[in-house]
Amino acid sequence: MASSAQPFGIDFGGTGIKGAPVDLGTGDFAQERERISTPDKSTPDNIAEIFVELLAKFPDCTGAVGVTVPGVVRHGVVHSAANIDKAWIGTDADKLFTEATGREVHVVNDADAAGLAEVRYGAAKGRSGLVIVTTLGTGIGSALVHDGVLVPNSELGHLEIDGHDAESRAANSARTREDLSWKHWAKRLTTYYRTLEMLFSPELFVVGGGVSKESEEFLPLIEIDTEIIPAQLLNKAGVVGAALYASEGGG
Ligand code: BGC
């Protein structure tokens with residue numbers, strides 16, 4: 001059973017909003033996760049109502065709450081909304097959700113949450129130096145973690161490469177939208193990761209997002225010099241990373 005000290009993680013995604021209390025010792029859910037479908041109009045106010053509903057399913061969990069958001073977050077305020085309702089821009093999400101739920105809520109960029117979780121519990125556990133975690137989904141999310149410390153809001157999905165916003169060419173949504181073969185997509189990913197390599201010289205790339213379940217189809221085809229491995233926490237990374245972030249008092 002969850003004790004009151006356990007933090008709660010919420011992963012706010014395009015199709016579902018998932019939440020669970022997290023055991024920080026193991027980096028796993030402390031109770032079975034619950035999921036509520038994301039409403040068509042996913043404005044901050046609509047989402048706040050869903051968080052109240054979700055938290056009500058875990059009455060014995062009263063710890064801090066971490067929430068992922070696919071945008072830039074500084075001191076709880078959301079500053080960008082590439083793939084979500086534009087009403088998020090300028091919203092003090094920490095304040096809004098804390099008031100709505102009566103709980104201490106800390107909002108964190110979705111890729112940063114995944115990055116924290118992978119470095120603490122997953123594919124990059126125990127790795128030193130610079131680790132870059134990327135999530136390949138609707139957009140491309142990125143987390144820069146140096147010796148376990150996150151440098152937030154790197155937003156490397158929006159690098160301009162060959163005159164394009166990188167995620168518009170190399171996200172998993174571009175692969176499905178354009179019906180690209182794995183080989184063709186891997187060529188685009190090679191260009192993308194080579195650019196990151198040149199700019200940051202990381203020790204390791206970790207590749208997350210739903211498509212990382214099929215990593216054997218495309219990771220071996222990416223031609224770069226840096227080690228590149230699949231994420232391990234898969235669809236748990238957001239919830240676990242958000243809870244971890246909240247447990248440390250947010251940013
Ligand atoms: C957003 C990022 C987010 C990423 C993955 C990008 O379009 O700008 O903030 O981390 O998508 O969801």
Side-chain angles (χ1 to χ4, degrees), residues 9-19 38 42-44 47 66-94 97 106-119 122 124 131-145 150-161 164-178 185 188-189 192-193 195-196 199-200 202 205-213 215 230-231 233-242 244-245 250-251:
I10 298 180
D11 185 352
F12 160 44
T15 55
I17 296 171
K18 295 166 269 178
T38 307
S42 51
T43 57
I47 297 300
V67 173
T68 68
V69 169
V72 169
V73 183
R74 281 201 316 263
H75 304 297
V77 179
V78 179
H79 290 277
S80 76
N83 298 306
I84 50 172
D85 197 290
K86 302 298 174 225
W88 284 88
I89 299 175
T91 297
D92 187 335
D94 276 13
F97 298 144
H106 297 284
V107 173
V108 57
N109 172 264
D110 56 356
D112 284 340
L116 284 174
E118 289 297 336
V119 167
V131 175
I132 302 187
V133 179
T134 52
T135 59
L136 305 175
T138 308
I140 296 182
S142 64
L144 295 186
V145 188
L150 173 73
V151 180
N153 298 309
S154 48
E155 291 290 325
L156 300 178
H158 297 297
L159 282 177
E160 186 180 317
I161 301 178
H164 298 274
D165 187 26
E167 70 175 24
S168 71
R169 307 267 300 161
N172 189 46
S173 60
R175 179 182 71 84
T176 52
R177 185 178 61 242
E178 298 181 45
W185 189 46
R188 292 191 184 180
L189 290 172
Y192 180 65
Y193 286 106
T195 307
L196 297 188
L199 291 172
F200 298 100
F205 288 115
V206 176
V207 179
V211 73
S212 63
K213 284 199 293 278
S215 63
L233 277 86
L234 301 175
N235 56 5
K236 289 187 177 173
V239 168
V240 171
L244 178 61
Y245 183 79

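For ligands, and for the atoms within them, numbers begin at 1 and follow the listed sequence. Values below: every heavy atom of this structure, side chains too, minus hydrogens, waters and symmetry copies. Numbers for residues simply follow the sequence, beginning at 1. For clarity, every value in this text was computed on a predicted model and none was experimentally measured.
Counting only distance, with no hydrogens or angles, the side chain of Asp112 and the backbone of Asn153 share a donor-acceptor pair below 3.5 Å. At least one donor-acceptor pair closer than 3.5 Å links the side chain of Trp185 to the backbone N or O of Ala170. At distances below 3.5 Å, at least one donor-acceptor pair connects side-chain atoms of Asn109 with backbone N or O atoms of Gly71. Using a distance-only test at 3.5 Å, with no hydrogens or angles considered, no donor-acceptor pair links the side chain of Ser142 to the main chain of Gly157. Between the side chain of Ser173 and the backbone N or O of Thr138 there is at least one donor-acceptor pair closer than 3.5 Å. Using a distance-only test at 3.5 Å, with no hydrogens or angles considered, no donor-acceptor pair links the side chain of Thr135 to the main chain of Ala111.
With ligand atoms numbered from 1 in the order given, ligand 1 contributes 7 (O), 11 (O) to contacts under 4.0 Å with heavy atoms of Asn83. Heavy-atom contacts of His158 reach the following atoms of ligand 1: 1 (C), 6 (C), 7 (O), 8 (O) (cutoff under 4.0 Å). Near Gly141, with a cut-off below 4.0 Å to any heavy atom, the atoms of ligand 1 are 4 (C), 5 (C), 10 (O).
Within the model, atoms CD1 of Ile161 and CG of Leu196 stand 6.5 Å from one another, a figure rounded to the nearest 0.5 Å.
In terms of polar-atom proximity, defined here as any N/O pair under 3.5 Å, Gly139 makes no such contact with ligand 1.
Only the side chain of Asn109 comes within contact range of ligand 1, with a heavy atom under 4.0 Å; no backbone atom does. Here Ala82 has side-chain heavy atoms under 4.0 Å from ligand 1, and that is the only part of it that gets that close.
Residue contacts with ligand 1 include Ile140, since one or more of its heavy atoms lies under 4.0 Å from the ligand. Ligand 1 lies out of reach of Gly157, whose nearest heavy atom is not under 4.0 Å from it.
Atom 1 (C) of ligand 1 has as its closest protein heavy atom Glu155 OE1, 3.6 Å. Here the protein heavy atom with the shortest distance to atom 6 (C) of ligand 1 is Glu167 OE1, 3.3 Å.
Comparing Val72, Asp110, Val78 by heavy-atom distance to atom 5 (C) of ligand 1, the nearest is Asp110.
Looking only at atom types and distance, the side chain of Tyr193 has a donor-acceptor partner in the side chain of Thr134 under 3.5 Å away.
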